[in-house]
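Per chain, numbering begins at 1; letters A, B, ... match sequence-line order. What you are looking at is a predicted structure, and each value in this text was computed from that prediction instead of being measured.
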2 protein chains.
Amino acid sequence: MIWRDEHGKSLADHERPSVAVDVALLTLPPGGDELGVVLHERTGGHEAGRRALPGTFLHVDRRETLRDAALRALRDKVGVTGREPRQLRVFDAPDRDPRGRVLSVAHVDVVPFALLAGSAAEVVGLGSLPPLPYDHDDVVAAAVAHVRDVYRAGPDPLGLAGEEFTLLELQTVHQAVLGTPLQKDTFRRHVLPGLADTGRTREGTVGKPARTFRRR
Amino acid sequence: MIWRDEHGKSLADHERPSVAVDVALLTLPPGGDELGVVLHERTGGHEAGRRALPGTFLHVDRRETLRDAALRALRDKVGVTGREPRQLRVFDAPDRDPRGRVLSVAHVDVVPFALLAGSAAEVVGLGSLPPLPYDHDDVVAAAVAHVRDVYRAGPDPLGLAGEEFTLLELQTVHQAVLGTPLQKDTFRRHVLPGLADTGRTREGTVGKPARTFRRR
DNA sequence: CCAATAGTGTCTATCAGACAGTATGTC
DNA sequence: GACATACTGTCTGATAGACACTATTGG
(Lines give C-alpha, C1' and ligand atoms only; values in the text may rest on other atoms or scores of the structure.)
Protein backbone atom coordinates (compact mmCIF):
# COMPACT_ATOMS: atom_id res chain seq x y z
CA MET A 1 0.00 0.00 0.00
CA ILE A 2 1.18 3.49 -0.80
CA TRP A 3 0.00 6.44 1.21
CA ARG A 4 -0.76 9.57 -0.74
CA ASP A 5 -0.92 13.11 0.52
CA GLU A 6 -3.53 15.76 -0.24
CA HIS A 7 -2.19 16.22 -3.76
CA GLY A 8 -2.29 12.53 -4.45
CA LYS A 9 1.45 12.27 -4.16
CA SER A 10 3.27 9.54 -2.33
CA LEU A 11 6.53 10.04 -0.49
CA ALA A 12 8.37 8.51 -3.42
CA ASP A 13 7.34 11.44 -5.62
CA HIS A 14 9.40 13.92 -3.63
CA GLU A 15 13.11 14.12 -4.14
CA ARG A 16 14.75 13.62 -0.79
CA PRO A 17 17.83 15.30 0.69
CA SER A 18 20.64 13.51 2.44
CA VAL A 19 20.58 14.19 6.17
CA ALA A 20 23.73 14.32 8.24
CA VAL A 21 24.51 15.11 11.86
CA ASP A 22 27.51 17.08 13.06
CA VAL A 23 28.52 17.39 16.70
CA ALA A 24 30.42 20.23 18.30
CA LEU A 25 31.89 18.39 21.27
CA LEU A 26 33.42 20.86 23.72
CA THR A 27 35.80 20.17 26.57
CA LEU A 28 38.14 21.94 28.98
CA PRO A 29 41.83 21.18 28.45
CA PRO A 30 43.68 21.10 31.81
CA GLY A 31 45.35 24.33 32.72
CA GLY A 32 43.75 25.98 29.75
CA ASP A 33 41.50 28.91 30.39
CA GLU A 34 39.33 28.45 27.33
CA LEU A 35 37.03 25.85 25.83
CA GLY A 36 38.42 23.30 23.40
CA VAL A 37 36.72 21.67 20.43
CA VAL A 38 37.10 17.96 19.73
CA LEU A 39 38.03 17.44 16.08
CA HIS A 40 38.93 14.38 14.07
CA GLU A 41 41.33 14.18 11.19
CA ARG A 42 39.86 12.75 8.03
CA THR A 43 41.58 9.82 6.43
CA GLY A 44 41.25 8.81 2.80
CA GLY A 45 38.82 10.40 0.40
CA HIS A 46 39.20 13.78 -1.18
CA GLU A 47 39.52 15.69 2.12
CA ALA A 48 42.32 13.62 3.68
CA GLY A 49 44.23 15.38 6.42
CA ARG A 50 41.65 18.05 6.94
CA ARG A 51 40.14 18.34 10.40
CA ALA A 52 36.41 18.59 10.94
CA LEU A 53 33.72 18.11 13.53
CA PRO A 54 32.69 14.50 14.01
CA GLY A 55 29.67 13.81 11.88
CA THR A 56 27.94 11.14 9.87
CA PHE A 57 24.95 10.47 7.69
CA LEU A 58 21.67 9.44 9.25
CA HIS A 59 21.13 5.72 8.68
CA VAL A 60 17.52 5.69 7.61
CA ASP A 61 17.60 2.01 6.77
CA ARG A 62 18.31 1.20 10.44
CA ARG A 63 15.48 3.44 11.70
CA GLU A 64 18.16 5.46 13.46
CA THR A 65 17.23 8.67 15.30
CA LEU A 66 19.28 11.84 14.99
CA ARG A 67 20.44 11.37 18.56
CA ASP A 68 21.65 7.86 17.79
CA ALA A 69 23.44 9.08 14.68
CA ALA A 70 25.19 11.76 16.73
CA LEU A 71 26.21 9.18 19.34
CA ARG A 72 27.50 6.91 16.59
CA ALA A 73 29.55 9.75 15.11
CA LEU A 74 31.10 10.47 18.50
CA ARG A 75 31.91 6.81 19.05
CA ASP A 76 33.28 6.03 15.58
CA LYS A 77 35.05 9.30 14.82
CA VAL A 78 36.51 10.37 18.16
CA GLY A 79 35.98 7.38 20.45
CA VAL A 80 33.69 9.09 22.94
CA THR A 81 30.67 7.39 24.50
CA GLY A 82 28.07 8.14 27.12
CA ARG A 83 27.17 11.64 25.91
CA GLU A 84 23.83 13.37 25.51
CA PRO A 85 23.98 15.48 22.37
CA ARG A 86 21.42 18.24 22.00
CA GLN A 87 20.13 19.62 18.75
CA LEU A 88 21.21 23.15 17.89
CA ARG A 89 19.60 23.71 14.51
CA VAL A 90 19.56 22.51 10.92
CA PHE A 91 22.04 23.96 8.48
CA ASP A 92 20.42 23.84 5.08
CA ALA A 93 22.15 26.15 2.63
CA PRO A 94 21.61 24.43 -0.74
CA ASP A 95 25.31 24.67 -1.66
CA ARG A 96 26.82 23.86 1.72
CA ASP A 97 28.06 20.46 0.52
CA PRO A 98 29.57 20.09 -2.95
CA ARG A 99 28.49 16.45 -3.13
CA GLY A 100 24.81 17.34 -3.33
CA ARG A 101 21.92 18.49 -1.20
CA VAL A 102 22.83 17.60 2.37
CA LEU A 103 21.03 18.95 5.41
CA SER A 104 23.10 18.90 8.57
CA VAL A 105 21.47 18.72 11.97
CA ALA A 106 24.01 20.38 14.25
CA HIS A 107 24.40 19.07 17.78
CA VAL A 108 26.34 20.21 20.84
CA ASP A 109 27.72 18.29 23.77
CA VAL A 110 30.36 18.53 26.40
CA VAL A 111 32.83 16.02 27.82
CA PRO A 112 35.19 16.10 30.82
CA PHE A 113 38.72 16.18 29.44
CA ALA A 114 39.70 13.07 31.42
CA LEU A 115 37.32 10.94 29.34
CA LEU A 116 39.27 11.77 26.19
CA ALA A 117 42.44 9.98 27.34
CA GLY A 118 43.61 7.53 24.70
CA SER A 119 40.89 8.36 22.21
CA ALA A 120 41.29 9.41 18.62
CA ALA A 121 40.18 12.89 19.60
CA GLU A 122 42.20 15.98 18.85
CA VAL A 123 41.39 18.98 21.02
CA VAL A 124 41.94 22.48 19.71
CA GLY A 125 41.37 25.64 21.74
CA LEU A 126 38.68 27.99 20.53
CA GLY A 127 41.26 30.66 19.81
CA SER A 128 43.39 28.46 17.58
CA LEU A 129 40.80 26.68 15.46
CA PRO A 130 41.87 25.86 11.91
CA PRO A 131 39.43 26.70 9.15
CA LEU A 132 36.75 24.02 9.26
CA PRO A 133 34.93 22.60 6.25
CA TYR A 134 31.28 23.22 5.37
CA ASP A 135 29.61 25.50 7.92
CA HIS A 136 31.33 23.90 10.88
CA ASP A 137 32.59 27.29 12.05
CA ASP A 138 29.01 28.38 12.50
CA VAL A 139 28.21 25.15 14.30
CA VAL A 140 31.02 25.78 16.77
CA ALA A 141 29.88 29.35 17.32
CA ALA A 142 26.31 28.23 17.97
CA ALA A 143 27.55 25.48 20.30
CA VAL A 144 29.66 27.85 22.37
CA ALA A 145 26.82 30.34 22.63
CA HIS A 146 24.47 27.58 23.75
CA VAL A 147 26.84 26.20 26.38
CA ARG A 148 27.45 29.70 27.73
CA ASP A 149 23.72 30.28 28.04
CA VAL A 150 23.30 27.02 29.90
CA TYR A 151 26.17 27.77 32.27
CA ARG A 152 24.65 31.08 33.28
CA ALA A 153 21.74 29.21 34.84
CA GLY A 154 23.49 27.27 37.59
CA PRO A 155 26.50 25.31 38.76
CA ASP A 156 28.11 23.15 36.04
CA PRO A 157 24.85 22.02 34.44
CA LEU A 158 26.61 19.72 31.95
CA GLY A 159 29.07 18.10 34.33
CA LEU A 160 32.37 19.47 33.00
CA ALA A 161 33.76 19.66 36.52
CA GLY A 162 33.26 15.97 37.29
CA GLU A 163 31.48 14.41 40.25
CA GLU A 164 33.11 16.18 43.16
CA PHE A 165 34.82 19.55 43.15
CA THR A 166 35.87 22.48 45.28
CA LEU A 167 34.36 25.88 44.74
CA LEU A 168 37.59 27.12 43.20
CA GLU A 169 37.60 24.25 40.71
CA LEU A 170 33.98 24.99 39.85
CA GLN A 171 34.76 28.67 39.43
CA THR A 172 37.65 27.85 37.10
CA VAL A 173 35.30 25.78 34.94
CA HIS A 174 32.73 28.57 34.75
CA GLN A 175 35.36 31.16 33.93
CA ALA A 176 36.72 29.06 31.08
CA VAL A 177 33.24 28.39 29.70
CA LEU A 178 32.10 31.99 29.91
CA GLY A 179 35.44 33.43 28.94
CA THR A 180 35.31 36.03 31.69
CA PRO A 181 36.81 36.20 35.19
CA LEU A 182 34.40 35.92 38.10
CA GLN A 183 34.51 37.27 41.66
CA LYS A 184 35.10 34.59 44.29
CA ASP A 185 32.54 35.59 46.90
CA THR A 186 29.81 36.55 44.48
CA PHE A 187 30.27 33.29 42.60
CA ARG A 188 30.13 31.33 45.82
CA ARG A 189 26.80 32.78 46.87
CA HIS A 190 25.46 32.35 43.36
CA VAL A 191 26.12 28.61 43.08
CA LEU A 192 25.88 27.45 46.69
CA PRO A 193 22.09 26.92 46.67
CA GLY A 194 22.53 24.40 43.84
CA LEU A 195 25.26 22.38 45.54
CA ALA A 196 25.40 19.70 48.22
CA ASP A 197 28.31 19.58 50.66
CA THR A 198 30.03 16.19 50.59
CA GLY A 199 31.51 16.64 54.06
CA ARG A 200 34.94 15.90 52.63
CA THR A 201 37.79 18.30 51.97
CA ARG A 202 40.54 18.54 49.36
CA GLU A 203 43.74 17.80 51.34
CA GLY A 204 47.40 18.01 50.46
CA THR A 205 47.68 21.56 49.25
CA VAL A 206 49.02 24.71 50.73
CA GLY A 207 46.51 26.81 52.58
CA LYS A 208 43.24 25.90 54.20
CA PRO A 209 41.73 22.74 52.66
CA ALA A 210 38.60 23.43 50.65
CA ARG A 211 35.34 21.58 51.16
CA THR A 212 34.13 19.58 48.20
CA PHE A 213 30.65 19.64 46.73
CA ARG A 214 28.36 17.77 44.37
CA ARG A 215 25.65 19.13 42.13
CA ARG A 216 22.27 18.84 43.75
CA MET B 1 31.42 13.08 -11.42
CA ILE B 2 30.42 11.40 -8.20
CA TRP B 3 31.89 12.49 -4.90
CA ARG B 4 32.68 9.75 -2.44
CA ASP B 5 33.04 10.03 1.30
CA GLU B 6 35.77 8.55 3.48
CA HIS B 7 34.29 5.06 3.13
CA GLY B 8 34.16 5.34 -0.62
CA LYS B 9 30.42 5.80 -0.56
CA SER B 10 28.61 8.37 -2.64
CA LEU B 11 25.49 10.16 -1.45
CA ALA B 12 23.41 7.83 -3.56
CA ASP B 13 24.43 4.88 -1.39
CA HIS B 14 22.63 6.22 1.67
CA GLU B 15 18.92 5.83 1.96
CA ARG B 16 17.47 9.29 2.43
CA PRO B 17 14.55 10.41 4.61
CA SER B 18 11.78 12.67 3.49
CA VAL B 19 12.08 16.10 5.08
CA ALA B 20 9.04 18.19 5.93
CA VAL B 21 8.51 21.52 7.65
CA ASP B 22 5.67 22.30 10.05
CA VAL B 23 4.88 25.77 11.32
CA ALA B 24 3.19 26.65 14.58
CA LEU B 25 1.82 30.06 13.66
CA LEU B 26 0.55 31.86 16.76
CA THR B 27 -1.70 34.88 16.96
CA LEU B 28 -3.81 36.86 19.42
CA PRO B 29 -7.56 36.69 18.77
CA PRO B 30 -9.22 40.01 19.68
CA GLY B 31 -10.67 40.15 23.14
CA GLY B 32 -9.18 36.77 23.85
CA ASP B 33 -6.78 36.53 26.71
CA GLU B 34 -4.80 33.61 25.34
CA LEU B 35 -2.70 32.75 22.32
CA GLY B 36 -4.34 31.11 19.33
CA VAL B 37 -2.89 28.62 16.89
CA VAL B 38 -3.48 28.91 13.16
CA LEU B 39 -4.63 25.56 11.76
CA HIS B 40 -5.78 24.45 8.36
CA GLU B 41 -8.34 21.84 7.55
CA ARG B 42 -7.10 19.11 5.28
CA THR B 43 -9.05 18.40 2.14
CA GLY B 44 -8.96 15.16 0.20
CA GLY B 45 -6.64 12.30 1.01
CA HIS B 46 -6.96 9.92 3.87
CA GLU B 47 -7.02 12.60 6.59
CA ALA B 48 -9.78 14.79 5.16
CA GLY B 49 -11.45 17.07 7.68
CA ARG B 50 -8.73 16.74 10.22
CA ARG B 51 -7.03 19.94 11.30
CA ALA B 52 -3.27 20.24 11.47
CA LEU B 53 -0.44 22.76 11.51
CA PRO B 54 0.44 24.12 8.08
CA GLY B 55 3.31 22.09 6.70
CA THR B 56 4.81 20.75 3.52
CA PHE B 57 7.63 18.71 2.15
CA LEU B 58 10.95 20.34 1.34
CA HIS B 59 11.31 20.71 -2.42
CA VAL B 60 14.83 19.54 -2.93
CA ASP B 61 14.56 19.69 -6.71
CA ARG B 62 14.00 23.45 -6.49
CA ARG B 63 16.99 23.97 -4.16
CA GLU B 64 14.51 25.28 -1.61
CA THR B 65 15.68 26.18 1.90
CA LEU B 66 13.75 25.16 4.99
CA ARG B 67 12.78 28.78 5.53
CA ASP B 68 11.37 28.99 2.01
CA ALA B 69 9.46 25.74 2.49
CA ALA B 70 7.96 27.11 5.71
CA LEU B 71 6.97 30.34 3.94
CA ARG B 72 5.44 28.32 1.14
CA ALA B 73 3.44 26.25 3.61
CA LEU B 74 2.11 29.41 5.25
CA ARG B 75 1.17 30.93 1.90
CA ASP B 76 -0.42 27.83 0.37
CA LYS B 77 -2.08 26.32 3.42
CA VAL B 78 -3.31 29.33 5.39
CA GLY B 79 -2.79 32.29 3.05
CA VAL B 80 -0.28 34.16 5.21
CA THR B 81 2.74 35.98 3.79
CA GLY B 82 5.52 38.19 5.04
CA ARG B 83 6.50 36.09 8.05
CA GLU B 84 9.89 35.13 9.43
CA PRO B 85 9.63 31.54 10.66
CA ARG B 86 12.31 30.37 13.08
CA GLN B 87 13.46 26.81 13.52
CA LEU B 88 12.50 25.11 16.75
CA ARG B 89 13.93 21.63 16.33
CA VAL B 90 13.72 18.49 14.26
CA PHE B 91 11.16 15.86 15.16
CA ASP B 92 12.60 12.54 14.12
CA ALA B 93 10.83 9.66 15.82
CA PRO B 94 11.09 6.82 13.27
CA ASP B 95 7.38 6.04 13.47
CA ARG B 96 6.02 9.58 13.64
CA ASP B 97 4.57 9.37 10.13
CA PRO B 98 2.85 6.17 8.97
CA ARG B 99 3.77 6.91 5.35
CA GLY B 100 7.46 6.32 5.95
CA ARG B 101 10.51 7.95 7.42
CA VAL B 102 9.76 11.65 7.54
CA LEU B 103 11.79 14.16 9.52
CA SER B 104 9.89 17.31 10.39
CA VAL B 105 11.70 20.56 10.99
CA ALA B 106 9.36 22.44 13.31
CA HIS B 107 9.12 26.21 12.99
CA VAL B 108 7.42 28.94 14.97
CA ASP B 109 6.12 32.32 13.97
CA VAL B 110 3.63 34.91 15.02
CA VAL B 111 1.14 37.03 13.09
CA PRO B 112 -1.04 40.01 14.06
CA PHE B 113 -4.63 38.82 13.99
CA ALA B 114 -5.63 41.57 11.56
CA LEU B 115 -3.48 40.01 8.84
CA LEU B 116 -5.57 36.83 8.94
CA ALA B 117 -8.74 38.53 7.71
CA GLY B 118 -10.17 36.68 4.74
CA SER B 119 -7.58 33.95 4.74
CA ALA B 120 -8.10 30.22 4.86
CA ALA B 121 -6.78 30.22 8.41
CA GLU B 122 -8.71 28.80 11.31
CA VAL B 123 -7.63 30.08 14.72
CA VAL B 124 -8.09 27.92 17.80
CA GLY B 125 -7.28 29.04 21.33
CA LEU B 126 -4.55 27.15 23.13
CA GLY B 127 -7.04 25.87 25.67
CA SER B 128 -9.38 24.39 23.10
CA LEU B 129 -7.02 22.69 20.68
CA PRO B 130 -8.34 19.53 19.07
CA PRO B 131 -6.00 16.54 19.02
CA LEU B 132 -3.46 17.23 16.29
CA PRO B 133 -1.85 14.62 14.05
CA TYR B 134 1.76 13.45 14.21
CA ASP B 135 3.66 15.26 16.95
CA HIS B 136 2.04 18.60 16.28
CA ASP B 137 1.00 18.91 19.91
CA ASP B 138 4.66 18.91 20.88
CA VAL B 139 5.41 21.45 18.18
CA VAL B 140 2.77 23.79 19.58
CA ALA B 141 4.10 23.34 23.11
CA ALA B 142 7.65 24.12 21.98
CA ALA B 143 6.42 27.11 19.99
CA VAL B 144 4.54 28.60 22.93
CA ALA B 145 7.50 28.09 25.24
CA HIS B 146 9.78 29.77 22.73
CA VAL B 147 7.52 32.77 22.20
CA ARG B 148 7.14 33.20 25.94
CA ASP B 149 10.90 33.20 26.38
CA VAL B 150 11.29 35.80 23.67
CA TYR B 151 8.59 38.03 25.16
CA ARG B 152 10.31 38.09 28.52
CA ALA B 153 13.21 39.96 26.92
CA GLY B 154 11.52 43.17 25.87
CA PRO B 155 8.47 44.94 24.45
CA ASP B 156 6.65 42.94 21.78
CA PRO B 157 9.75 41.53 20.08
CA LEU B 158 7.75 39.82 17.34
CA GLY B 159 5.35 42.63 16.51
CA LEU B 160 2.06 41.11 17.70
CA ALA B 161 0.85 44.54 18.85
CA GLY B 162 1.24 46.19 15.45
CA GLU B 163 3.09 49.38 14.60
CA GLU B 164 1.69 51.79 17.13
CA PHE B 165 0.13 50.98 20.50
CA THR B 166 -0.67 52.34 23.92
CA LEU B 167 0.99 50.89 26.98
CA LEU B 168 -2.26 49.21 27.98
CA GLU B 169 -2.53 47.54 24.58
CA LEU B 170 1.07 46.39 24.87
CA GLN B 171 0.46 45.06 28.35
CA THR B 172 -2.58 43.13 27.15
CA VAL B 173 -0.47 41.49 24.46
CA HIS B 174 2.21 40.48 26.94
CA GLN B 175 -0.33 39.14 29.40
CA ALA B 176 -1.93 36.99 26.73
CA VAL B 177 1.41 35.68 25.52
CA LEU B 178 2.73 34.91 28.99
CA GLY B 179 -0.59 33.74 30.35
CA THR B 180 -0.17 35.73 33.55
CA PRO B 181 -1.45 39.13 34.69
CA LEU B 182 1.09 41.93 35.00
CA GLN B 183 1.25 45.03 37.20
CA LYS B 184 0.65 48.29 35.36
CA ASP B 185 3.43 50.42 36.81
CA THR B 186 6.06 47.71 36.94
CA PHE B 187 5.32 46.77 33.35
CA ARG B 188 5.53 50.39 32.27
CA ARG B 189 8.99 50.87 33.72
CA HIS B 190 10.11 47.56 32.33
CA VAL B 191 9.25 48.28 28.69
CA LEU B 192 9.63 52.06 28.49
CA PRO B 193 13.38 52.00 27.73
CA GLY B 194 12.67 49.94 24.61
CA LEU B 195 9.91 52.21 23.27
CA ALA B 196 9.80 55.47 21.35
CA ASP B 197 7.03 57.98 22.05
CA THR B 198 5.14 58.85 18.86
CA GLY B 199 3.87 62.15 20.27
CA ARG B 200 0.33 61.08 19.40
CA THR B 201 -2.44 59.95 21.74
CA ARG B 202 -5.29 57.47 21.46
CA GLU B 203 -8.43 59.69 21.39
CA GLY B 204 -12.10 58.94 21.60
CA THR B 205 -12.25 56.81 24.71
CA VAL B 206 -13.38 57.41 28.23
CA GLY B 207 -10.70 58.62 30.60
CA LYS B 208 -7.41 60.31 30.00
CA PRO B 209 -6.11 59.64 26.45
CA ALA B 210 -3.06 57.39 26.38
CA ARG B 211 0.13 58.23 24.54
CA THR B 212 1.09 55.82 21.78
CA PHE B 213 4.50 54.26 21.25
CA ARG B 214 6.57 52.37 18.71
CA ARG B 215 9.22 49.77 19.28
CA ARG B 216 12.66 51.26 19.20
C1' DC C 1 -18.69 67.17 40.04
C1' DC C 2 -18.07 62.13 38.90
C1' DA C 3 -16.24 58.17 36.61
C1' DA C 4 -12.58 56.20 34.34
C1' DT C 5 -8.24 55.66 32.67
C1' DA C 6 -3.17 57.46 32.33
C1' DG C 7 0.89 58.34 34.50
C1' DT C 8 4.24 58.92 38.67
C1' DG C 9 6.48 59.61 43.46
C1' DT C 10 8.13 56.74 46.79
C1' DC C 11 8.77 52.90 50.02
C1' DT C 12 10.61 48.23 50.71
C1' DA C 13 12.68 43.83 50.09
C1' DT C 14 15.98 41.62 47.49
C1' DC C 15 20.11 40.95 45.13
C1' DA C 16 24.66 41.58 42.77
C1' DG C 17 28.96 43.16 43.59
C1' DA C 18 32.70 44.34 46.22
C1' DC C 19 35.79 45.14 50.31
C1' DA C 20 37.90 43.54 54.03
C1' DG C 21 37.84 40.82 57.62
C1' DT C 22 38.33 35.95 60.13
C1' DA C 23 39.43 30.85 59.96
C1' DT C 24 42.41 27.05 59.17
C1' DG C 25 45.54 24.60 56.94
C1' DT C 26 51.06 23.86 55.27
C1' DC C 27 55.84 24.90 55.85
C1' DG D 1 55.05 32.51 63.36
C1' DA D 2 54.74 33.36 58.27
C1' DC D 3 52.09 32.52 54.56
C1' DA D 4 48.54 30.91 51.55
C1' DT D 5 44.15 29.72 50.70
C1' DA D 6 39.12 29.06 52.31
C1' DC D 7 35.28 31.19 53.95
C1' DT D 8 32.08 35.10 55.63
C1' DG D 9 30.17 39.66 57.76
C1' DT D 10 28.70 43.72 55.97
C1' DC D 11 28.25 47.87 53.14
C1' DT D 12 26.43 49.92 48.82
C1' DG D 13 23.99 50.69 44.75
C1' DA D 14 20.64 48.89 41.53
C1' DT D 15 16.36 46.74 40.70
C1' DA D 16 11.63 44.55 41.03
C1' DG D 17 7.43 44.99 42.98
C1' DA D 18 3.85 47.24 45.03
C1' DC D 19 0.94 51.06 47.06
C1' DA D 20 -1.16 55.13 46.66
C1' DC D 21 -1.25 59.46 44.89
C1' DT D 22 -1.83 62.99 41.02
C1' DA D 23 -3.28 64.19 36.11
C1' DT D 24 -6.42 64.51 32.36
C1' DT D 25 -10.09 63.44 29.72
C1' DG D 26 -15.59 62.55 28.68
C1' DG D 27 -20.06 62.94 30.40
Enumerate all atom pairs, one protein N or O and one N or O from nucleotides 2-6 of chain C, separated by less than 3.5 Å.
none

Check: A:Glu203 side chain, A:Pro209 main-chain N or O, donor-acceptor pair, under 3.5 Å: no
Check nucleotides 9-11 of chain C for protein N or O atoms closer than 3.5 Å to its own N or O atoms and list the pairs.
residue, atom, partner, partner atom, Å
C:dG9, O6, B:Arg189, NH2, 3.0
C:dT10, O4, B:Arg189, NH2, 3.3

Whether A:Glu84 side chain and A:Asp109 backbone form a donor-acceptor pair below 3.5 Å: no
Over 12 non-hydrogen atoms of neighbours within 6.0 angstrom of CG in B:Asp197: yes
Whether A:Arg188 side chain and A:Leu167 backbone form a donor-acceptor pair below 3.5 Å: no
Protein-nucleotide distance (B:Leu195, atom CG; C:dG7, atom P), rounded to Å: 12 Å
Donor-acceptor pair, side chain of B:Gln175 and main chain of B:Asp33, under 3.5 angstrom: no
Nearest-angstrom distance from the residue atom CG of A:Leu182 to P of C:dA18: 10 Å
Along DNA chain C (nearest heavy atom to each residue), the more 5'-positioned of B:Thr212 and A:His190: B:Thr212
Any A:Gln183 side-chain nitrogen or oxygen under 4.0 Å from OP1 or OP2 of C:dA18: yes
Separation between CG of B:Leu28 and OG1 of B:Thr172, rounded to the nearest 0.5 Å: 9.5 Å
Ring-face cation contact, B:Phe187 with B:Arg189, 6.0 Å cut, 45° max: no
Salt-bridge contact A:Glu163-A:Arg215 (side-chain N to carboxylate O under 4.0 Å): no
From B:Asp92 atom CG to A:Leu58 atom CG, the distance as rounded to the nearest 0.5 Å: 7.5 Å
Modelled atom types, side-chain donor and acceptor of A:Asp22 and A:Ser104, under 3.5 Å: yes
Nearest-nucleotide comparison on DNA chain D, the residue closer to the 5′ end among A:Leu167 and B:Thr186: A:Leu167
B:Arg89 NZ/CZ over B:Phe91 ring centroid, <6.0 Å and within 45° of normal: yes
Chain A contact limits on DNA chain D, taken 5' to 3' with a cut-off of 4.0 angstrom to heavy atoms: D:dA4 to D:dT10
